[in-house]
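Below is one structure, written out as structure tokens, with a few remarks after it.
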Amino acid sequence: MTVHIPPSEEELIQKAKQGSLEAFTLLYERYLPKVYNRVRFSIPEQDIEDVTQEVFMAVIKSIHSFRGEARFGTWLRTLTTRQIADYYRRRPHRHIETELDENLPAPQHQNESEEAIMLRQSFRKLPVRYQEILLLRFSDGFQFNEIARIIGQSVEATKSLFRRAMEALHKQVKNGEQL
Amino acid sequence: MKRGANSPDDALAAYVDALLDGVEPATNAPVKKNIQKDLEGTVHLLQKYLKPAPPSQEMTRRIQIRLASEWRRSGPGERTNRQAKKKNQQIYILSFATVLVIAGLSTVFLIPDIYGNLQGSAAEISPLAALVGIILLILGLITWIIIHNSRRRKK
């Protein structure tokens, strides 16, 4: 019986850099859930697909310059954050659109509970640094000491920022429930 | 001020750590007693909905198709091909410039000798040959300088 060992991340990156579409597709499939999750919690519903796609377009354009000094996931997270920032830079009327978005049906998440939709809308109203720390812990699964290293703060300051982010989100969720 | 291990920040962090590790702290656990009660619900919401989730299969496929087409147009393989093509072009142009310079020099220095031998008189530079030679020389040098500068700018 032969055991199929999936190619390592390094192998896939090397092959993708040499022009293998198959390797790139495997990387795409592996990282899509994480990228998509970040994007859907930060971008209005109608633009989630476009921004998710733009993140991977950015990977195509710059994978040749990825030297492996950081982990691929970290590099991709930076690209995602940059694409989200670019999105809001191109569209300065973020809040107006967010309000409009709230009234739109959610095409991708039609079966999603009201609770989930309300959480996402509350989440998008948080300052970016609060969104980031919550995503790093809950979505990316980093420990607090790792998050501290990523954001360049002490562990204590990181935990404090995390608590403030949680409190701000809690307040937004409560406000959402009252409406 | 140094915070103690039981500060609200530490308590909340420990509570989240335990929950994400799959351990629901008991009601009377110190970790649970120290976090603000009303944050518990929000932590549970985040744990439930912030997990990475793939988009629908349709969206996954749509994006994949567009990415594959972009990959063929401007992916690393295509980039390497374009760079190789550009390099080849530069080599051809440089060779052409060198040929022009050599042809220019030959016209200026060799043709008068041939011309002189044919005439059976002392070598004289034909004005036309000199002009053609000088033009070729200048063209060759200009081409060479342009290529050289563009390469240096890239570095």
Side-chain angles (χ1 to χ4, degrees), chain A residues 16-21 24-25 28-29 31-41 48-49 52-53 56-57 59-61 63-64 107-109 112-113 115-116 118-120 122-123 134-135 137-141 143-144 155-164 166-167 169-170 172-174, chain B residues 1-5 7-17 19-21 34-84:
Chain A
K17 283 170 93 167
Q18 287 158 9
S20 161
L21 174 59
F24 172 75
T25 306
Y28 162 75
E29 283 167 357
Y31 281 96
L32 179 65
K34 279 193 175 182
V35 170
Y36 172 72
N37 206 40
R38 280 189 156 253
V39 173
R40 87 187 162 114
F41 272 92
I48 292 173
E49 184 170 341
T52 305
Q53 181 181 302
F56 286 98
M57 290 283 188
V59 173
I60 293 177
K61 283 191 188 111
I63 196 164
H64 68 280
Q108 167 69 20
H109 306 281
E112 210 172 40
S113 67
E115 188 183 54
M118 190 253 306
L119 176 68
R120 225 174 40 243
S122 305
F123 190 87
L134 295 177
L135 283 167
R137 185 65 192 101
F138 285 98
S139 178
D140 297 338
Q143 300 295 325
F144 282 102
V155 176
E156 284 177 350
T158 303
K159 287 180 179 174
S160 175
L161 178 68
F162 179 77
R163 186 178 52 80
R164 278 180 277 135
M166 285 299 305
E167 283 171 354
L169 179 65
H170 176 71
Q172 288 292 348
V173 169
K174 282 275 157 244
Chain B
M1 190 183 78
K2 184 113 176 135
R3 292 183 191 88
S7 73
D9 300 345
D10 284 326
L12 180 62
Y15 179 72
V16 170
D17 284 347
L19 209 61
L20 292 180
D21 284 343
N34 286 333
I35 72 156
Q36 291 155 273
K37 198 80 190 144
D38 48 358
L39 285 186
E40 244 183 80
T42 313
V43 171
H44 278 273
L45 270 181
L46 284 172
Q47 188 208 10
K48 189 172 171 188
Y49 293 112
L50 221 54
K51 282 185 288 196
S56 68
Q57 284 191 340
E58 292 78 43
M59 191 195 280
T60 305
R61 209 170 307 122
R62 277 198 303 273
I63 297 178
Q64 195 174 337
I65 290 167
R66 285 181 230 131
L67 289 175
S69 132
E70 180 65 22
W71 182 270
R72 286 188 197 98
R73 205 171 50 232
S74 59
E78 194 47 43
R79 183 185 293 270
T80 314
N81 285 347
R82 270 205 312 269
Q83 279 172 348

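Looking at A:L161, neither its backbone nor its side chain comes within 4.5 Å of chain B, counting heavy atoms on both sides. For A:S139, the parts sitting under 4.5 Å from any heavy atom of chain B are the backbone and the side chain alike. Contact of A:R164 with chain B is not made at all, since no heavy-atom distance falls under 4.5 Å. If you measure heavy-atom distances from A:S20 to chain B, the contacts under 4.5 Å come from the backbone alone. Looking at A:Y28, only its side chain comes within 4.5 Å of chain B, counting heavy atoms on both sides. At a 4.5 Å heavy-atom cutoff, the contact between B:L67 and chain A is made by backbone and side-chain atoms alike. In this structure, the portion of A:F41 lying under 4.5 Å from any heavy atom of chain B is its side chain and not its backbone. The contact between A:L21 and chain B is made by backbone and side chain atoms together, counting heavy-atom distances below 4.5 Å.
You'll find the side chain of B:D9 stays beyond 4.5 Å of the side chain of A:E156, heavy atoms only. Side-chain contact between A:E49 and B:R66 is present, with at least one heavy-atom pair separated by less than 4.5 Å. Counting only heavy atoms from C-beta outward, the side chains of A:E29 and B:Q64 approach each other to under 4.5 Å.
Between atom CG of residue B:L50 and atom CZ of residue A:R40 there is a gap of 8.0 Å, rounded to the nearest 0.5 Å. Distance CE/A:M57 to CD1/B:I63: 9.5 Å, rounded to 0.5 Å. From A:M166, atom CE reaches atom CD of B:E40 across 10.5 Å, with rounding to the nearest 0.5 Å. Here the straight-line distance linking atom NZ of B:K48 with atom CG of A:L119 works out to 10.5 Å at 0.5 Å rounding. The CG atom of B:L12 sits 10.0 Å away from atom NZ of A:K159, with the distance rounded to the nearest 0.5 Å.
For the residue pair B:P76 and A:A16, the shortest heavy atom distance occurs at CG-O, 3.3 Å.
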Worked check of side chain to side chain contact (heavy atoms under 4.5 Å, CB included) between A:L169 and B:L45 = CA-CA 11 Å; A:L169 179 65; B:L45 270 181; over 6 Å; no

Verdict with supporting geometry, A:E115 and B:Y49, side chain to side chain contact (heavy atoms under 4.5 Å, CB included) | CA-CA 9 Å; A:E115 188 183 54; B:Y49 293 112; 2.7 Å; yes

CA sep, side-chain torsions, deciding dist, call: A:T25, B:W71, side chain to side chain contact (heavy atoms under 4.5 Å, CB included) | CA-CA 10 Å; A:T25 306; B:W71 182 270; over 6 Å; no

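At distances below 3.5 Å, not a single donor-acceptor pair connects side-chain atoms of B:D17 with backbone N or O atoms of A:Q143.
Among A:P33, A:S122, A:G141, A:G19, the residue making the largest number of heavy-atom pairs under 4.5 Å with chain B is A:P33.
Taking the side-chain hydrogen bond (donor to acceptor under 3.5 Å, both in side chains) definition, one finds that B:T60 meets it with nothing, sequence neighbours left out.
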